[in-house]
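The structure presented is a predicted model; accordingly, all values stated were derived computationally and were not measured. Along the sequence shown, residues are numbered consecutively beginning with 1. Just follow the structure's listing: the first ligand is 1, and inside any ligand the first atom is 1.
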Amino acid sequence: MLKVVEINNLTVQYPDVKALDDISLVVNQGDFLGIIGPNGAGKSTLFASMLGLNTKYKGTIKFFDEDIKKSKNYLKQLGYVPQKPIFEKNFPVTVTDVVRMGLRKESDENKIDKILQQLWIHELRERRIGELSGGQQQRVFIAKALVNNPKILILDEPVTGIDQQSIDLFYSILRELNSKQKITIIWSSHDLDAVNKLANHVACLNRTLFFHGESEKFFSDDALVKQYSEASMQEHMHHH
Ligand code: ADP
Ligand code: MG
């Protein structure tokens, strides 16, 4: 099986807090990994490190067997959907403009229409991004991430503040990308039910990684799920 990502002993120390403590993790080609963990668990820090946006870490991160500190080639194979950005209603950028930003070559312009259709936003292509609903905006950002046909898609808590119908559509799109187009998906979420339904692997993160394995194994183990919920609840109380 082809290893897409291999993380060994990753530790990230910010001035005030150790955000990640000795994380090791492998993602294989075709995996659909759900990363669950409460606020402050280090999910975004993990992604920032994988994307090369945070370089102050101990340990190693490899994509396709190459250390990301040695080669940035892997970024061409990677699509990333950040936590939801917020736009002014009149921000002068259309749906097509946003998706175009994801292109590496201007000559690939024809790819835009195709991805807009696949994500059910083709009709919105001339609309301003700020006029759209949260769910529509989300699909625009997924389109931007996918327009170069990446092999890996990383999504950081992508359903916060989005209506249920859009969430359902979003999940069905993710399922199809993974099962039909064989895109490896790494997705952080608060939604245990959704992770249970969609992901085939689960990582429970709360600074340390306290479970990583098959989704079935996690969700069939009541004690483990309970332990996760308690850790999550404590963290929640800690923050409020
Ligand atoms: P999550 O995405 O799971 O909510 P984060 O990775 O955003 O977690 O944050 C993990 C911890 O690191 C939190 O305590 C947060 O306050 C802290 N943190 C995140 N980013 C930075 C940063 N750039 N500088 C300093 N501390 C940070
Ligand atoms: Mg985050």
Side-chain angles (χ1 to χ4, degrees), residues 5-27 31-61 63 68-69 75 78-87 134-135 137-142 144-145 152-162 166-167 170-171 174 184-196 198-199 201-213 215 218 224-225 227-240:
V5 186
E6 182 176 0
I7 295 173
N8 281 303
N9 309 104
L10 178 67
T11 296
V12 176
Q13 175 74 59
Y14 290 126
D16 296 331
V17 66
K18 192 181 264 189
L20 295 173
D21 188 3
D22 203 22
I23 306 294
S24 295
L25 168 76
V26 169
V27 183
D31 279 359
F32 191 150
L33 172 66
I35 299 180
I36 50 180
N39 278 331
K43 302 181 295 295
S44 295
T45 297
L46 175 63
F47 291 157
S49 306
M50 291 167 72
L51 291 157
L53 303 171
N54 164 47
T55 54
K56 288 187 195 155
Y57 60 78
K58 288 198 188 122
T60 56
I61 303 174
F63 272 79
I68 64 167
K69 290 202 167 157
L75 289 174
L78 196 73
Y80 170 55
V81 183
Q83 273 184 295
K84 194 177 155 329
I86 295 159
F87 288 93
Q137 286 189 16
Q138 177 193 59
R139 275 179 277 141
V140 175
F141 285 96
I142 297 170
K144 174 175 178 270
I152 313 158
L153 182 62
I154 293 182
L155 306 112
D156 195 356
E157 291 192 64
V159 299
T160 320
I162 288 170
S166 295
I167 291 176
F170 166 64
Y171 287 159
L174 285 192
T184 303
I185 296 179
I186 303 173
W187 159 54
S188 77
S189 176
H190 284 300
D191 186 343
L192 280 195
D193 278 342
V195 171
N196 194 3
L198 291 170
H201 285 77
V202 172
C204 295
L205 184 68
N206 200 356
R207 293 202 187 100
T208 59
L209 197 62
F210 73 82
F211 176 86
H212 174 228
S215 170
F218 178 75
L224 206 53
V225 176
Q227 191 192 347
Y228 165 79
S229 314
E230 277 166 9
S232 164
M233 193 50 77
Q234 272 165 20
E235 197 63 27
H236 190 73
M237 284 156 67
H238 183 74
H239 278 271
H240 291 273

Does Lys69 have more than 12 heavy atoms from other residues, nucleotides or ligands lying within 6.0 Å of its NZ?
yes

Per-atom filter on ligand 1: closer than 4.0 angstrom to a heavy atom of Asn39 are 4 (O)

Which part of Val17 is near ligand 1, with near meaning a heavy atom under 4.0 Å away: side chain, backbone, both or neither?
side chain

Start with the C-alpha gap between Gln83 and Ser44, add the side-chain angles, then the distance that decides, and say whether side-chain hydrogen bond (donor to acceptor under 3.5 Å, both in side chains) holds.
CA-CA 9 Å; Gln83 273 184 295; Ser44 295; 3.2 Å; yes

Short N or O distance, Lys43 and ligand 1, threshold 3.5 Å exclusive:
yes

List ligand 1 atoms under 4.0 Å from Ala41, heavy atoms only on the residue side.
1 (P), 3 (O), 8 (O)

May I ask you to list the atoms of ligand 1 that are less than 4.0 angstrom from any heavy atom of Pro38?
3 (O)

N or O pair under 3.5 Å between Gly40 and ligand 1
yes

The Mg ion (ligand 2) and Ser44: any N/O/S contact shorter than 2.8 Å?
yes

Is it the case that Thr184 and Asp31 place a side-chain donor and acceptor less than 3.5 Å from each other?
no

Measuring from the heavy atoms of Ser188, does anything fall under 4.0 Å of ligand 1?
no

Report yes if some N/O of Arg207 lies less than 3.5 Å from some N/O of ligand 1; otherwise report no.
no

Can a donor-acceptor pair be found between the side chains of Ser49 and Asn54 at a distance below 3.5 Å?
yes

In this structure, CG of Leu20 is separated from CZ of Arg207 (nearest 0.5 Å) by 9.5 Å

Check whether any side-chain heavy atom of His190 sits under 4.5 Å from a side-chain heavy atom of Asn39, and report yes or no.
yes

Within-shell test, Gly37 vs ligand 1, heavy atom, strictly < 4.0 Å
no

Check the orientation of His212 and His201. Use parallel for under 30°, tilted for 30 to 60°, and perpendicular for over 60°.
tilted

Distance check, rounded to the nearest 0.5 Å: Leu33 atom CG versus Trp187 atom CH2?
10.0 Å

N or O pair under 3.5 Å between Ser44 and ligand 1:
yes

Counting heavy atoms only, which part of Ala48 comes closer than 4.0 Å to ligand 1: side chain, backbone, both or neither?
neither

If I apply the N/O under 3.5 Å rule, does Pro15 come out as touching ligand 1?
no

So how far is it from Thr11 OG1 to Ile23 CD1, rounded to the nearest 0.5 Å?
7.5 Å

